[in-house]
Amino acid sequence: MAMKAPASNSHILLAPLALLLVAVVVFLLPSLNGARVGSDGLGVLCARRSAGAEDYTVADAAATANEEVMEEEEKPELSLLVGVLTTPKRYERRDIVRLAYALQPAAARARVDVRFVFCRVSDPVDAQLVALEAMSHGDVVELDCEENMNRGKTYAYLSSVPRLFASAPFDYVMKTDDDTYLRVAALVDELRHKPRDDVYLGYGYAMGGQPMPFMHGMGYVVSWDVASWVSTAEEILARNDTEGPEDLMVGKWLNLAGRGRNRYDLKPRMYDLSWDMDNFRPDTVAVHMLKDNRRWAATFSYFNITGGVKLDHSP
């Protein structure tokens, strides 16, 4: 199924209950390096749609105060949007991943924003529960597409980002999955001295004599200009190149267009967790294949996320 052109495939409607109206919704959570993630008073930007126009209001005064504090602080050296592709029914997984990011040390001198990304919420039960989730956490992005993994979801994400976040662009855009544990500060340190344009970074594969024709779908980063190009590249739609293994397809788009020429392979610091869970690395940037709670628990244990925490026990 060919995707619609980027100009018409999504709309911003920044109001939590809009999930019940089946539209594209973006809830903005303060950056990981700004207000404390998970604290009370999350500022959520809300939009009221009028005929052909979008006007924005700040739903929480704390957000404005946080922005003023950030303006007084040192300007970030870089900014990164992390889009975690997931599905509406994976509530428990999203709760785990939220904690995994919120409890990490802040990346120094960086603005890092994390969003959970899925396609249209069509199930009425999911619509109600996701609306509550969005109202509570403010970090949900709903795209105008049918839920899928390899039939255009990544294209919908990358092509929508430049418009959805046009008012506050990022230096880099990441696509990752909800079975990947990303160590944000480690990734930011990798990006800090990289170019800000024409970048394609991740776990590189070598194929057909090319050193890195594409990056593993566990997580890869493109610079803002590359995402902007995807959003306007009519040739991707003309070739029906939105369907197929998503990581291979992204590599194909960039290779045919000569984009993403600044390529960086983060192996072995990005890797799949082994069956025996015995290949963790202290210098990890991202570890993938965390398919169940046991593997997430092993990850938290290795990186000492819960070290020193003592649970109260009844006498």
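Position 1 is the first residue of the sequence; numbering continues from there.
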- Item | For S228 against S231, the heavy-atom pair lying closest together | O-OG, 2.6 Å

- Message: Strictly below 4.0 Å, N to O, side chains only: are E133 and R98 in salt-bridge contact?
- Response: yes

- Message: Would you compute the distance between atom CZ of F118 and atom OG1 of T87 and round it to the nearest 0.5 angstrom?
- Response: 8.5 Å

- Task: Using the rule that two of Ile, Leu, Val, Met, Phe, Trp, Tyr join whenever any of their side-chain heavy atoms come within less than 4.5 Å, decide whether V140 and V125 are in one cluster.
- Result: yes

- Query: Just checking, R93 and F116: is the charged tip under 6.0 Å from the six-membered ring centre and within 45° of the axis?
  - Reply: no

- Test the R259-Y200 pair against the cation-pi criterion, namely NZ or CZ under 6.0 angstrom from the six-membered ring centroid and within 45° of the ring axis. no

- Task: Salt-bridge test for K153 and E147: reply yes if a basic N is under 4.0 Å from a carboxylate O, no otherwise.
- Result: yes

- 4.5 Å side-chain heavy-atom contact, Y203 and D272: no

- Item | Shortest non-hydrogen contact between D123 and D126, atoms and distance | OD1-N, 3.0 Å

- Electrostatic pair D113-R111, nearest N-O below 4.0 angstrom: yes

- Query: Rounded to the nearest 0.5 Å, what separation is found between the CG atom of D171 and the CG atom of L81?
  - Reply: 11.5 Å

- Can you see which heavy atom on M218 is nearest to which on H216, and at what distance? N-ND1, 2.9 Å

- Query: Are the side chains of V161 and F170 in touch, meaning some heavy atoms are under 4.5 Å apart?
  - Reply: no

- Query: Should the pair E190-K194 be classified as a salt bridge under the 4.0 Å nitrogen-to-oxygen rule?
  - Reply: yes

- Query: Can you tell me if S223 and D225 form a side-chain donor-acceptor pair at under 3.5 Å?
  - Reply: yes

- Query: Can you get from Y205 to V250 by hopping between Ile, Leu, Val, Met, Phe, Trp and Tyr side chains that sit under 4.5 Å apart?
  - Reply: yes

- Query: Are I305 and L99 close enough that some pair of their side-chain heavy atoms sits under 4.5 Å apart?
  - Reply: no

- Task: Take D178 and R94 through the test salt bridge (charged side-chain N to carboxylate O under 4.0 Å, His left out) and record every step on the way to the result.
- Result: CA-CA 7 Å; D178 65 4; R94 285 195 294 280; over 6 Å; no

- Item | Within 45° cone of Y157 ring axis and under 6.0 Å: K175 NZ or CZ | no

- Query: Between R192 and E77, is there a side-chain N and carboxylate O pair less than 4.0 Å apart?
  - Reply: yes

- Query: Does the side chain of H288 reach to within under 4.5 Å of the side chain of M270, using non-hydrogen atoms?
  - Reply: no

- Under 3.5 Å, is there a donor-acceptor pair linking the side chains of R196 and Y172? yes

- Indicate if F300 and L182 have the same hydrophobic cluster label, given that clusters are the connected sets of ILVMFWY residues with side-chain heavy-atom separations under 4.5 angstrom. yes

- Query: Any side-chain heavy atom of W253 within less than 4.5 Å of one from R239?
  - Reply: yes

- Grab the two heavy atoms, one from D139 and one from V114, that are nearest each other, plus how far apart they are. CB-O, 3.9 Å

- Query: Which pair of heavy atoms, one from V226 and one from D198, lies closest together, and at what distance?
  - Reply: CG2-CA, 3.9 Å

- Within-4.5 Å side-chain heavy-atom neighbours: V130 and L132: no

- Do you know which two heavy atoms are closest between A107 and V112, and how far apart they sit? CB-CG2, 4.3 Å

- Could you label the plane-to-plane angle of the F280 and Y302 rings as parallel, tilted or perpendicular, counting under 30° as parallel and over 60° as perpendicular? parallel

- Message: Using side-chain contact (heavy atoms from CB on, under 4.5 Å), reason through Y155 and L237 one step at a time and then give a plain yes or no.
- Response: CA-CA 10 Å; Y155 172 80; L237 296 172; 3.6 Å; yes

- Note on the structure: CG (D179) and CG (L85) are apart, to the nearest 0.5 Å, by 11.0 Å

- Query: Can you tell if the side chain of Y264 reaches within under 4.5 Å of the side chain of L191, non-hydrogen atoms only?
  - Reply: no

- Message: Measuring only between side-chain heavy atoms, which start at C-beta, is T306 closer than 4.5 Å to L103?
- Response: no

- Message: Heavy-atom count check: over 12 atoms from other residues, nucleotides or ligands less than 6.0 Å from E235 CD?
- Response: yes

